[in-house]
Amino acid sequence: MRVLSLLASAAALIAVPAAAMQHDGHAGHATPANGDAIAAAVAAPTRTAANVARDPYRHPAETLAFFGVKPGDTVVELWPGGGWYTEILAPLTKAGGGTLYVAAPWERGLNRIKEKQAADAATYGALKLAEFPATGAGTKVADGSVDVVLTFRNVHNWRFGGADKTADAFKQIFAMLKPGGTLGVVEHRLNESDDSAKEEKSGYMKKSSIVAFAEAAGFELAGESEINANPKDTKDYPKGVWTLPPNLTEGETDRAKYVAIGESDRMTLKFVKPAS
């Protein structure tokens, strides 16, 4: 019995640091019911096997719960790419009576989502397509209409276009959210001690830069989490973050080394639009 007791105590001690690594400011976590809905969406049979294989690096259930996403929310996913998170958010919002917008440059940024809609209308047919950043070329997400905006590893793409474009992106996000709404950001994390010029080419961003852009737009930082951290990531690769999985831009050169590192070190930041 003493052995079992010691093992239980050791397990508890091991669990403490992981929990201590995240905090959530004044914005609450998802309720157990919402957590169950998120878990069901992550387990949706419509997800592709290749995307499911990346769950250990992306921690979708924990990430969406941290951002407080509810199945009845109006959610905007920015720059969805191939739809990795769309495969989870679509069944989540559908089951809860919510609404999911996918917003990207019009229309090329939405082509792969359109392919999903054509292949599986039952899962993706209700998705609403929108332009972001809005230029007038496509449908704009209405101001003050959204509960949650989510962007996964995209801020660096806006930064490639220059600081002004990044600032405008955050302003547009702020406008589309309802008062009290949430912006969830997951981004490749650059060390604060590194040269900021790396943000223009490496794919990594400093936390301080993202917070500055968000606060300038009117947001408040409500919490941050180490859910998606990876201390093995040295962030010093000549070809930037794309050296690591899943891109592996070096091909077979040092492939085993980069696979062992895994996907990038990521910050997970939760911002809120003040209620008044």
Side-chain angles (χ1 to χ4, degrees), residues 22-27 63-64 66-69 75-81 85 101-105 109 130-135 140-229 233 235 240-242 264-276:
Q22 54 181 300
H23 63 275
D24 189 18
H26 59 266
T63 300
L64 294 177
F66 176 74
F67 290 146
V69 179
V75 179
V76 175
E77 182 189 2
L78 300 177
W79 288 33
Y85 259 100
Y101 286 86
V102 286
E131 182 188 27
F132 181 84
T135 67
K140 178 181 182 292
V141 178
D143 289 352
S145 65
V146 177
D147 298 297
V148 181
V149 176
L150 301 171
T151 183
F152 303 99
R153 304 164 314 283
N154 284 316
V155 180
H156 66 275
N157 290 312
W158 310 337
R159 186 72 180 89
F160 290 163
D164 290 346
K165 290 188 176 181
T166 312
D168 182 62
F170 276 91
K171 289 176 183 177
Q172 290 195 25
I173 296 168
F174 188 85
M176 68 177 69
L177 280 165
K178 300 174 183 177
T182 296
L183 165 62
V185 177
V186 177
E187 183 56 277
H188 311 293
R189 176 165 44 196
L190 184 65
N191 298 327
E192 290 294 326
S193 59
D194 286 346
D195 185 349
S196 295
K198 289 185 178 180
E199 293 181 345
E200 287 283 359
K201 58 183 179 180
S202 70
Y204 292 94
M205 291 281 298
K206 291 185 179 182
K207 172 192 165 184
S208 59
S209 296
I210 292 180
V211 171
F213 282 120
E215 290 182 343
F219 286 104
E220 296 175 354
L221 181 63
E224 57 188 287
S225 172
E226 292 300 295
I227 295 167
N228 296 300
D233 181 6
K235 313 171 189 182
V241 71
W242 305 279
S264 67
D265 176 45
R266 295 161 186 166
M267 58 189 131
T268 304
L269 305 176
K270 181 177 183 178
F271 297 96
V272 295
K273 179 175 181 175
S276 59

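As a basis for the values below, the full set of heavy atoms in this structure was taken, side chains included, without hydrogen atoms, waters or symmetry mates.
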Counting only N and O atoms by type, is there a donor-acceptor contact under 3.5 Å from the side chain of Ser202 to the main-chain atoms of Lys198?
-> yes
When rounded to the nearest 0.5 angstrom, what is the spacing between CD1 in Ile173 and CZ in Phe132?
-> 4.0 Å
Can you tell me how far CG of Leu64 sits from CG of Leu150, rounded to the nearest 0.5 angstrom?
-> 6.5 Å
Aromatic ring pairing Phe219/Phe174, orientation class (parallel under 30°, perpendicular over 60°, tilted between) = perpendicular
Taking C-beta and beyond as the side chain, do Tyr204 and Asn191 meet within less than 4.5 Å on heavy atoms?
-> no
Which atom names give the shortest non-hydrogen contact between Glu220 and Pro274, and what distance separates them?
-> OE2-CG, 3.7 Å
Can you name the nearest heavy-atom pair linking Ala275 to Pro179, along with the distance?
-> O-CB, 3.4 Å
Could you go step by step and tell me if Val186 and Tyr85 meet the side chain to side chain contact (heavy atoms under 4.5 Å, CB included) rule?
-> CA-CA 12 Å; Val186 177; Tyr85 259 100; 5.7 Å; no
Closest heavy-atom pair, Phe67 versus Thr268, reported as atoms and distance to 0.1 Å, is CZ-CG2, 3.5 Å
Separation between NZ (Lys207) and CG (Leu269), nearest 0.5 Å, reads 6.5 Å
Shortest non-hydrogen separation from Val272 to Ala222 and the atoms involved | CG1-CB, 3.7 Å
How long is the span from the CZ atom in Arg159 to the NZ atom in Lys206, to the nearest 0.5 Å?
-> 10.5 Å
Could you grab the distance from atom CG of Asn228 to atom CE of Met267, nearest 0.5 Å is fine?
-> 11.5 Å
Do the rings of Phe170 and Phe213 sit parallel, tilted or perpendicular, given the 30° and 60° boundaries?
-> parallel
Roughly how far, to the nearest 0.5 Å, is CD of Glu199 from CZ of Phe160?
-> 10.0 Å
Check: Phe152 main-chain N/O paired with Asn154 side-chain donor or acceptor under 3.5 Å | yes
Any idea which heavy atoms bring Arg189 and Ala229 closest together, and the distance?
-> NH2-CB, 3.5 Å
For residues Glu192 and Ser208, report the shortest heavy-atom separation together with the two atoms involved.
-> OE1-OG, 2.7 Å
